Amino acid sequence: MSAPAVESVAVSALRAVLHRVRQAAERSRRGPDEVRVVAVSKTKPNSLIRQVYDAGHRCFGENYVQEIIDKAPQLPEDIEWHFVGHLQSNKVKPLLAAVPNLAMVEGVDNEKVANQLDRVVSSIGRKPLKVLVQVNTSGETSKSGVDPSGCLELVKHVKLGCPNLEFSGLMTIGMPDYSSTPENFRTLSNCRTEVCKVLGLTENHYELSMGMSGDFEKAIEMGSTNVRIGSTIFGPREYPKKQQNQ
Ligand SMILES: *Cc1c(COP(=O)(O)O)cnc(C)c1O
């Protein structure tokens, strides 16, 4: 008889994260089902993703197109993949071809990539793809995302000009901010309020993707519906030498 399985480090870490998410959701008077946890597995091997999958988690995120193209086809089809961060329009076609179970692109930040996603979804005949518009709320030039002042125009374009995309909300990468109300999260939330007001949409039908390993509890308290958590679940990332400056 085999000994009882010892829970892997990643699975214990996942459980701890889910517990913290539940508590933060309660503090913001929401249920645990109202906040999605995207386990961001970039640079991590499929064997580790599989452990977290076997513990019952289904939503995973990747940030490099070539990496998700290599990994996703080797993993179960009922994984809901999120592509997180900037996506180049010339990578849209290979991404959608290799990952039919891509559930969401979190990082549409210009009309060109929106148009290309719309066109490719239509040409391969898959169901409409959920997208979040990425907003650069910190003003850092190193970060992608549309300016808060350009958010409404881009959302309008996606809603009105891209019938094969399902506009689902806004996403941002926050800057470390140890104040009680981090400014970047406040800005994203204000963008959603403005967009919904102008376009006549119901605010709580649209997502706010904000919060990563270092700040997800604060983000949830400020209304996040989708947190993207990598290193707290999978451990620190080890980049191969050539990628170290990314
Ligand atoms: C890598 C990544 C994350 C996860 O970052 P951690 O700090 O490891 O939790 C979240 N969002 C995006 C866009 C990322 O690229």
Side-chain angles (χ1 to χ4, degrees), residues 9-21 24 35-46 48-49 52 57 59-72 79-88 91-92 95 99 102-110 113 117 130-146 168-178 182 184-185 187-188 191 207-222 224-240 243-246:
V9 175
V11 170
S12 313
L14 169 75
R15 294 197 203 291
V17 162
L18 294 177
H19 179 70
R20 288 166 64 189
V21 165
V35 183
R36 183 189 305 108
V37 174
V38 182
V40 180
S41 47
K42 61 179 187 240
T43 80
K44 298 299 176 180
N46 278 355
L48 204 55
I49 297 175
V52 172
H57 200 73
C59 184
F60 293 86
E62 290 282 343
N63 172 243
Y64 302 107
V65 171
Q66 192 53 51
E67 189 176 354
I68 189 174
I69 286 177
D70 292 340
K71 289 156 89 172
I79 287 183
E80 286 171 38
W81 288 105
H82 285 217
F83 187 85
V84 300
H86 179 71
L87 173 63
Q88 287 174 270
K91 303 277 176 65
V92 164
L95 172 66
V99 192
L102 186 71
M104 191 183 274
V105 169
E106 302 193 24
V108 168
D109 59 3
N110 62 74
V113 75
L117 283 164
K130 292 187 170 153
V131 299
L132 304 183
V133 163
Q134 183 174 353
V135 183
N136 183 343
T137 53
S138 67
E140 292 165 285
T141 50
S142 62
K143 284 181 184 159
S144 45
V146 66
S168 302
L170 306 178
M171 175 272 205
T172 199
I173 300 175
M175 214 172 20
D177 178 342
Y178 305 100
N184 302 156
F185 297 160
T187 301
L188 193 72
C191 285
E207 306 220 23
L208 290 178
S209 173
M210 54 192 199
M212 315 194 342
S213 283
D215 54 14
F216 68 89
E217 285 154 307
K218 195 118 269 172
I220 292 167
E221 287 167 24
M222 293 179 69
S224 177
T225 64
N226 185 90
V227 290
R228 310 176 307 268
I229 304 180
S231 44
T232 297
I233 296 173
F234 293 106
R237 286 182 284 278
E238 288 156 38
Y239 288 100
Q243 282 185 24
Q244 240 160 29
N245 295 325
Q246 281 197 355

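Note that this is a predicted model, so its numbers are computed, not measured. Both counts, for ligands and for their atoms, begin at 1 and track the order of listing.
Here the heavy atom of the protein found nearest to atom 11 (N) of ligand 1 is R228 NE, 2.9 Å. Summary of contacts: the protein heavy atom closest to atom 10 (C) of ligand 1 is M212 SD, 3.4 Å.
Ligand 1 places these atoms under 4.0 Å from at least one heavy atom of I229: 9 (O). Interface atoms of ligand 1 facing V84, defined by a heavy-atom separation under 4.0 Å, are 12 (C), 13 (C). Counting the atoms of ligand 1 from 1 in the order shown, those under 4.0 Å from a heavy atom of K42 are 1 (C), 2 (C), 3 (C), 14 (C), 15 (O). Listed by atom number, the atoms of ligand 1 under 4.0 Å from S213 heavy atoms are 6 (P), 7 (O), 8 (O), 9 (O). Applying the 4.0 Å criterion to heavy atoms of S231 picks out, from ligand 1, the atoms 6 (P), 7 (O), 8 (O), 9 (O). Of all atoms in ligand 1, listed by their number and element, those nearer than 4.0 Å to a heavy atom of N63 are 15 (O). For ligand 1, the atoms sitting less than 4.0 Å from at least one non-hydrogen atom of G230 are 4 (C), 6 (P), 8 (O), 9 (O), numbered in the order shown with element in parentheses.
Residue-to-ligand polar distances place R237 within reach of ligand 1: an N/O pair is separated by less than 3.5 Å. For the pair I173 and ligand 1, the shortest N or O to N or O distance does not fall below 3.5 Å.
The closest side-chain donor-acceptor pair between S231 and R237, if any, does not fall under 3.5 angstrom. Side-chain polar atoms of S209 and E106 form a donor-acceptor pair below 3.5 angstrom. In this structure, a donor-acceptor pair under 3.5 Å is present between the side chains of T232 and S213.
For the pair K91 and Q66, the minimum side-chain heavy-atom distance is 4.5 Å or more. Between I220 and V21 there is a side-chain heavy-atom pair separated by less than 4.5 Å.
In this structure, the side chain of R36 does not engage the main chain of V227 through any donor-acceptor pair within 3.5 Å.
Remark: K143 pairs with E140 by the salt bridge (charged side-chain N to carboxylate O under 4.0 Å, His left out) rule, at least two apart or across chains.
Neither the backbone nor the side chain of E106 has any atom closer than 4.0 Å to an atom of ligand 1 (non-hydrogen atoms only).
Between the CZ atom in F60 and the CD1 atom in I79 there is a gap of 5.0 Å [rounded to 0.5 Å].
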